Amino acid sequence: MGRKNTRVKNHAIRVAVIVAVTVAVVLVLEGLSLFQRPENMWYDSRMVRTASSHGPSDEIAVVLLDQDSLDWAQQELGWSWPWPRSAYGDIVSYFNLGGAASLAFDVLFTEPSVYGPQDDAAFVQACAEYGRVVQTVYFEASQGRDSLWKEAFPQPPLQNDLAQASAISSDEDLLFPIDSIATSAAVLGNITGSSDWDKVIRRAKAYRPYQSYLVPTLGVAPLFAAGEDGPDPELEPKNGRLLRFQPSLDSYVPYSAGQILQSYYAIQAGQEPLLESDMFQDMYVFFGFYAPGLFDICTTPMSAVYPGVGVHITQLDNYLQDSFLSPTTFPVKVALVVVLAFLGAVPLSLAEIFRLHKLNVLVSVAWMAIFGLLFVVLSYGVFAAGFVLPMMPPLVALVLAFFSAMVVSYRQEGRQRRYLKSAFRHYLSPAVIDTLIAHPESLVLGGERRHISIFFSDVQGFTSISERLSPEELTSLLNDYLSQMTDILLESGGTIDKYEGDAIIAFWNAPVELHDHGRRAVEAMIRCQEKLAQLRPQLEQRAGRPFYMRVGINTGDAVVGNMGSSSRFDYTMLGDSVNLAARLEGLNKQFGTYSMCSAASKEEALAFGTELRFRELARVAVVGKKEAVTVFEPMNASEYAERQAVLDAFSQGLQLFYQGKFPEALEAFSAIQKEDAPAAHYVAKCRELLENPPDLSSWEGVWVATSK
């Protein structure tokens with residue numbers, strides 16, 4: 001007991017030192033801003049992948065002047081570009097008629113209309129009558145032409161009571177709409193963009209200080225135009241709030257300017273409009289350009305060519321739904337770094353304390369990757385909920401602490417254990433070796449019941465192939481084939497039970513637990529068949545005849561463990577589930593197929609998200625079993641789509657066969673027998689049953705297998 005306590009204490013000190021050093025290093029790197037670029041990439045990735053988790057506000061409507069609108073106006077009204085300002089006045093009048101809460105133009109009307117003063121006057125009158133229009137102001141020294149906010153213009157709704165050091169000086173140039181349009185607005189909203197150092201817009205400020213005012217952004221100004229209270233300036237973060245974007249501007253189901261004008265003109269003429277104006281009642285409406293060459297673009301996490309109006313829409317949406325993202329505080333960031341550093345350092349120390357097996361490099365990295373993956377998954381989930389966890393500092397802490405612990409651990413690893421692993425590597429699979437090292441007591445006879453997926457394969461006509469080749473040629477051919485198949489099985493997490501000539505026997509979920517073993521097994525079978533298809537030309541050239549592989553897979557309970565004598569034994573499996581898998585491999589011959597699995601394997605594969613497709617082949621009573629099992633032919637989605645018509649026809653024939661309607665089934669299968677091997681076998685079976693009809697009162701559609 002004393003030795004163990006000392007060992008625990010030593011390892012605890014080692015872990016504490018590794019964690020402390022790791023945290024210090026990571027925080028220094030963070031302070032040097034070395035994580036900023038990858039951190040932004042992680043942020044953008046989470047934004048893109050979680051954007052659809054939060055729907056758009058139903059209080060916002062978007063109207064876009066798109067190419068369809070331009071084409072319609074040219075054809076129906078003879079308008080060339082630019083449109084007359086009266087058109088925008090008609091749009092304002094339409095939303096005034098519908099009782100919209102406000103209408104914000106993401107357009108700078110900086111020059112008088114080319115159609116004359118009366119055209120501007122029509123627009124101004126419509127805006128004044130509505131009284132809830134938002135026009136824009138732009139802060140830019142190089143483009144601005146005004147240095148003062150004119151008294152005639154609508155004054156910013158809030159006073160700047162914040163520190164005057166942050167205020168914009170009075171000589172800052174501004175770009176306003178022409179005087180008449182600016183004066184007719186209810187509020188002027190700031191459209192001056194702000195982005196992070198990499199020119200990506202991820203956040204937005206509610207206000208821009210100017211002299212004694214706080215000028216609202218275009219995303220906030222609609223609230224004031226509608227007579228609502230805007231955000232409290234004292235509660236706004238200094239750097240702005242993190243925006244939660246929708247997948248695209250299309251999430252708001254934008255309307256075209258042409259649709260709005262057509263609807264307004266129809267209402268004026270007493271006709272049925274395309275869009276009833278009252279559908280926009282109490283909605284915040286944004287108007288922007290979206291035709292090629294007209295609209296401004298910016299870079300956001302969603303796209304490098306994101307419409308600028310979308311940023312303002314997103315800001316208002318976030319305020320209306322209180323859906324801004326919340327950044328992590330510094331104490332929480334430090335806590336995450338400490339936790340991940342601990343998770344990186346402690347596993348190997350625990351393994352040593354309890355004398356568990358040492359992980360080889362690949363499995364060790366996988367262990368670390370599990371913690372990292374869990375944290376990544378957590379960060380995406382938390383992001384969807386509205387909180388932004390830092391990614392790089394914790395993950396770097398995890399990796400740095402893990403590899404530090406692994407270096408220390410490997411330096412102290414005993415020679416005897418390394419020798420054991422090296423010696424047995426030539427005879428046992430790595431997974432079994434790890435299990436033996438961790439549990440030496442398992443070096444005895446016995447087994448345990450496990451739910452596993454079993455794989456049996458055999459090369460078609462291998463006896464004929466072996467007769468044509470010399471022993472050396474046969475060995476070379478077989479080794480090349482088995483190596484390719486084995487690599488795929490092991491990559492999928494399978495355990496090789498044994499090789500019997502050309503046959504491969506494998507299973508999943510022992511000794512290593514794999515909850516999705518059914519999916520892994522069936523997908524590995526398809527990958528093996530695809531790999532064999534690539535290799536077939538060269539294998540057939542060497543074998544002198546066609547080279548195909550039949551595979552059978554079943555999922556069920558079996559006894560897995562060390563089987564044999566007290567002096568020599570193998571890690572293998574026993575049970576009815578194993579026998580059924582072997583029968584399914586041979587059953588391929590009776591249907592002309594090369595891949596077959598049981599219903600149990602199919603259901604488990606589907607339950608864990610496989611993209612494979614399954615064609616039901618039959619209800620079969622295999623040799624040695626009384627109860628019938630339903631068997632399927634797996635295939636990838638592309639093959640299934642290519643053969644959709646034939647597979648549907650086969651399915652119809654199969655249902656007729658199950659119902660005992662053999663003449664109709666024969667007709668259905670005959671139509672596709674040249675294109676489908678199983679259909680051809682069913683043609684023969686239907687003819688056999690027509691010649692020797694079964695008792696239909698007890699008929700259940702079971703195909704009785706005649707051989708193993």
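Worth saying up front: this structure is predicted, and the values here are computed from it rather than measured. FYI, side chains are in, hydrogens and waters are out, and symmetry mates aren't considered; it's all heavy atoms of this structure.
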Is it the case that [X] and [Y] place a side-chain donor and acceptor less than 3.5 Å from each other?
X: Y380; Y: S45; value: yes
X: E523; Y: T610; value: yes
X: Q155; Y: Y213; value: yes
X: S93; Y: D90; value: no

Presence of salt bridge, R241 and E236, under 4.0 angstrom: yes
Check ion pair D120-R85 (N to O, under 4.0 angstrom): yes
Kindly indicate, with the supporting measurements, whether the criterion side-chain hydrogen bond (donor to acceptor under 3.5 Å, both in side chains) is fulfilled by D317 and Q321. CA-CA 6 Å; D317 186 328; Q321 300 196 77; 2.6 Å; yes
For a side-chain hydrogen bond (donor to acceptor under 3.5 Å, both in side chains) check, start with the C-alpha distance between N40 and Q36, then their side-chain angles and the critical distance, and finish with the verdict. CA-CA 6 Å; N40 285 344; Q36 193 167 13; 5.7 Å; no
Just to verify, which of F289, F286, F123 counts as forming a ring-ring contact (aromatic ring centres under 6.0 Å, His included) with F105? F123
Are the side chains of L325 and M47 in touch, meaning some heavy atoms are under 4.5 Å apart? yes
Just wondering, do Y88 and V107 contact through their side chains at under 4.5 Å, heavy atoms? no
Below 6.0 angstrom between ring centroids: does that apply to Y284 and Y319? no
Answer yes or no: does atom CG of D232 have more than 12 heavy-atom neighbours from other residues, nucleotides or ligands under 6.0 Å? yes
With side-chain hydrogen bond (donor to acceptor under 3.5 Å, both in side chains) as the test, would you mind laying out the steps for D648 and S651 before giving the verdict? CA-CA 5 Å; D648 288 345; S651 178; over 6 Å; no
Only pairs under 3.5 Å count here: list side-chain donor-acceptor contacts from residues 52-59, not counting sequence neighbours, and write none if there are none.
unit_1	atom_1	unit_2	atom_2	d
S53	OG	T50	O	2.6
S57	OG	E59	N	3.1

Where do S323 and N318 land on the side-chain hydrogen bond (donor to acceptor under 3.5 Å, both in side chains) test, with the steps shown first? CA-CA 5 Å; S323 58; N318 289 179; 3.2 Å; yes
